[in-house]
Amino acid sequence: MRTAETLSELVSSALAAAQESGSLPPSGDAAVNIEKPQLAEHGDFSTSLPLRLARAMRMSPMKIGEMIAEAIPDNDLLKRVWVAAPGFINLELSDDFLRGQVATILSAGEEFGNVDTGAGQRVQVEFVSVNPTGPLHVGHTRGAVIGSGLANLLEAAGYEVQREYYVNDAGNQMQVFNDTLYARVMQAAGHDEPLPDPAYPGEYLVDLAERLYARHGDALLSRPKAEVIAALAPAALESTLELIRDDLDELGVRYDRWFSEKSLIEDGQFDRAIKFLEARGYLADREGARWFLSTRLGEEKDNVLIRSDKGGPTYFGTDFAYHYDKFLVREFDRVINVWGADHHGHVGRMKAVARALGREPDDLVVIINQIVSFKEGDRAVRFSKRKGVILTVRELLDEVGADACRYIFLSRSPDSQMEFDLDLARRQSADNPVYYVQYAHARIRSIQREAARRDLDYAAGDVSNLRHPMEMELIKTIIRLPDIVHHAATRLEPHHLPHYAYDLAKSLQRFYEECRVVSNDPGDLPVSQARLLLVDAARVALARTLVIMGMTIPERM
RNA sequence: GCGCCCGUAGCUCAGUGGAUAGAGCAUCUGGCUUCGAACCAGAGGGUCGGGGGUUCGAAUCCCUCCGGGCGUGCCA
């Protein structure tokens with residue numbers, strides 16, 4: 001299914017054949033790189049293999065290229081193979097091969113674009129995992145989109161994927177949340193209870209406290225603070241998680257599991273993890289605390305797992321136990337965490353954790369997405385959870401829409417410090433690339449509706465009637481999808497998908513401009529039928545790409 | 001100070017060591033009596049932050065400097 005892979009194998013076998021026949025000297029291992037040239041005159045694909053081999057073979061790249069090209073066996077795939085200075089081999093696909101792809105795509109249907117890169121490897125993608133202390137704010141949108149897009153992508157690439165949200169329902173922030181909640185409930189009951197310091201001062205807890213007070217009444221509040229909190233905390237947590245779930249759901253984000261931090265303590269997983277470290281000599285008691293000796297694993301500093309003052313685990317401590325669970329209990333082949341830039345200082349010690357657990361550091365991949373700055377025109381929009389939420393995910397979705405949000409965040413590399421101009425997002429909404437891509441799909445559907453209206457049956461159409469250059473261009477774009485999925489999944493870079501989607505939409509629109517699909521002339525029927533097959537293949541590829549991106553697929557706009 | 005990330009067209013961003021560095025937006029010019037003009041065709045716009053180096057070949061790899069962001073807790 002992957003054209004580039006097929007060509008790579010073809011060239012590779014040609015090289016081997018040329019070496020076997022003695023026309024080329026041995027060269028050691030050389031990976032055959034297949035690329036898509038920028039200029040059409042350089043073919044559909046090319047390889048710079050001769051240039052790479054020139055030194056080892058002590059021959060001119062042009063000569064090497066000619067020998068390899070000559071050794072490529074007759075095949076149905078290629079129309080033309082030629083060598084171009086300074087030493088490229090250019091490859092052009094045959095029209096028959098391209099036409100034949102239409103049927104291949106249509107029979108693959110919703111499977112089209114899937115590849116076997118992952119070979120069933122079990123991968124976990126953990127993302128967002130924001131403290132459940134209030135609604136998600138805009139800063140969390142990027143990680144949510146990247147994480148879910150990546151998970152979809154890996155699934156398409158043949159990995160067995162689990163999407164997980166780590167619920168920080170233990171620890172200091174939860175304590176602050178509960179203390180604030182208590183104060184707000186007392187306030188709701190008319191008591192003069194001051195906010196704790198620190199506190200979550202946002203409106204969210206005021207509303208939540210009022211709801212809880214309305215449900216429980218005054219009786220509960222006469223009891224000691226700890227009892228009140230114990231009685232209210234579970235409902236408060238559940239209610240907050242529900243809010244987060246709903247926001248993420250609207251953003252097109254689904255999870256397979258919500259993993260409770262507290263459960264690590266209650267189930268004894270934390271203690272087992274500590275014992276594991278102790279047994280391997282990575283644990284030390286110092287200054288009243290228990291330390292992970294990460295310096296033995298190449299880190300600059302050791303890290304505290306259990307605090308000296310309250311005796312409980314640190315955030316790092318439970319995160320260690322959490323990864324103990326991921327790697328040694330659930331045995332994922334690979335664990336991917338999507339974190340914001342403010343967590344990158346945590347990466348090094350978690351890599352050390354992976355090593356301590358007996359895994360390769362690369363089994364743990366941390367994708368850091370740089371912070372997003374939001375602005376409205378010239379005015380910067382600041383937000384901070386501790387000062388109260390200014391702009392929530394919900395508000396962003398109301399303003400811009402889930403599809404546009406996903407497309408915008410997904411199309412940028414996580415490394416880029418992006419700037420999100422809300423004015424621009426609103427103003428340009430009609431000209432946003434996201435609608436261009438979706439419009440292409442709606443247009444295909446419209447063509448198909450027109451064909452149905454005319455009772456034009458094309459199931460038995462003959463693709464040999466496809467002869468226009470734009471038809472060939474469209475097919476070439478469609479069949480790139482499996483290569484794109486492979487490439488993006490290998491590099492864990494979902495941002496290639498929106499760019500491909502745009503290319504595909506562009507290709508479709510150019511085809512549409514030049515090629516009338518549903519013709520009024522009865523003599524054109526065979527061409528119409530063939531083009532309807534082609535259009536349906538384009539629909540399959542476009543829909544598949546949108547699905548992986550987690551976007552909706554409009555029938556009409 | 002040290003560590004990580006970034007610097008590409010007016011703006012927002014792509015770019016796998018390869019051939020003449022791309023797209024969207026913005027600006028300008030053209031194109032609808034037939035399947036959707038939320039479209040298509042074209043134009044202008046670049047010291048790829050600066051300087052060295054490696055290489056047949058560097059936006060891409062290495063060094064260095066400049067600029068920006070984020071870290072550098074027994075916070076999460």
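Only a predicted model underlies this, so the values are computations on that prediction, with no experimental measurement involved. The basis for the numbers below is simple: all heavy atoms, side chains too, and nothing from hydrogens, waters or symmetry mates. All chains are named by letter (A, B, ...) in the order of the sequence lines, taking the proteins before the strands, and each is independently numbered beginning at 1.
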Trainee: Touch check for A:Arg349, heavy atoms < 4.0 angstrom, all strands: base, sugar-phosphate only, or nothing?
Mentor: base
Trainee: Below 3.5 Å between N/O atoms, which protein atoms pair up with nucleotides 57-62 of chain B? Just atom names and distances, please.
Mentor:
none

Trainee: OP1 or OP2 of B:rA76 less than 4.0 angstrom from a side-chain nitrogen or oxygen of A:Asn172, does that happen here?
Mentor: yes
Trainee: Under 4.0 Å between a side-chain N/O of A:Thr314 and OP1 or OP2 of B:rA76, yes or no?
Mentor: no
Trainee: In the structure shown, which nucleotide is the Watson-Crick or G-U wobble counterpart of B:rC32, with both distances under 3.5 Å?
Mentor: none
Trainee: With both distances under 3.5 angstrom, what nucleotide forms a Watson-Crick or G-U wobble pair with B:rA19?
Mentor: none
Trainee: Taking CD1 from A:Ile447 and C1' from B:rC35, how many angstroms apart are they, rounded to a whole number?
Mentor: 6 Å
Trainee: Nearest nucleotide by nearest heavy atom, which residue falls closer to the 5' end of RNA chain B, A:Ala289 or A:Pro86?
Mentor: A:Pro86
Trainee: It should be established whether A:Lys506 places a side-chain nitrogen or oxygen under 4.0 Å from OP1 or OP2 of nucleotide B:rC39.
Mentor: no
Trainee: If you look at every strand shown and take non-hydrogen atoms under 4.0 Å, does A:Ile408 touch a base, only sugar-phosphate, or nothing?
Mentor: nothing
Trainee: Is there a side-chain contact between A:His495 and the phosphate of B:rG15, meaning an N or O under 4.0 Å from OP1 or OP2?
Mentor: yes
Trainee: May I ask you to say what A:Gln417 touches in the nucleic acid, namely base, sugar-phosphate or nothing, with a heavy-atom cut-off under 4.0 Å?
Mentor: base
Trainee: Calculate the interatomic distance between A:His346 atom NE2 and B:rC4 atom P; express it in whole Å.
Mentor: 18 Å
Trainee: I want to check one thing: is the phosphate of B:rG15, taken as OP1 and OP2, less than 4.0 Å away from some side-chain N or O of A:Lys36?
Mentor: no
Trainee: Can you tell me if A:Ser446 touches the phosphate of B:rG36, counting only side-chain N or O atoms and a distance under 4.0 Å to OP1 or OP2?
Mentor: yes
Trainee: Determine the contact category for A:Glu287: base if any of its heavy atoms lies under 4.0 Å from a base atom, sugar-phosphate if only primed atoms, P, OP1 or OP2 are that close, otherwise nothing.
Mentor: base
Trainee: Pull out every protein N or O sitting under 3.5 Å from an N or O of nucleotides 1-3 of chain B, one pair per line with the distance.
Mentor:
from	atom 1	to	atom 2	distance (Å)
B:rG3	N2	A:His344	NE2	2.4

Trainee: State the pairing partner of B:rU72; accept Watson-Crick or G-U wobble contacts with both distances under 3.5 Å, and report none otherwise.
Mentor: B:rG1
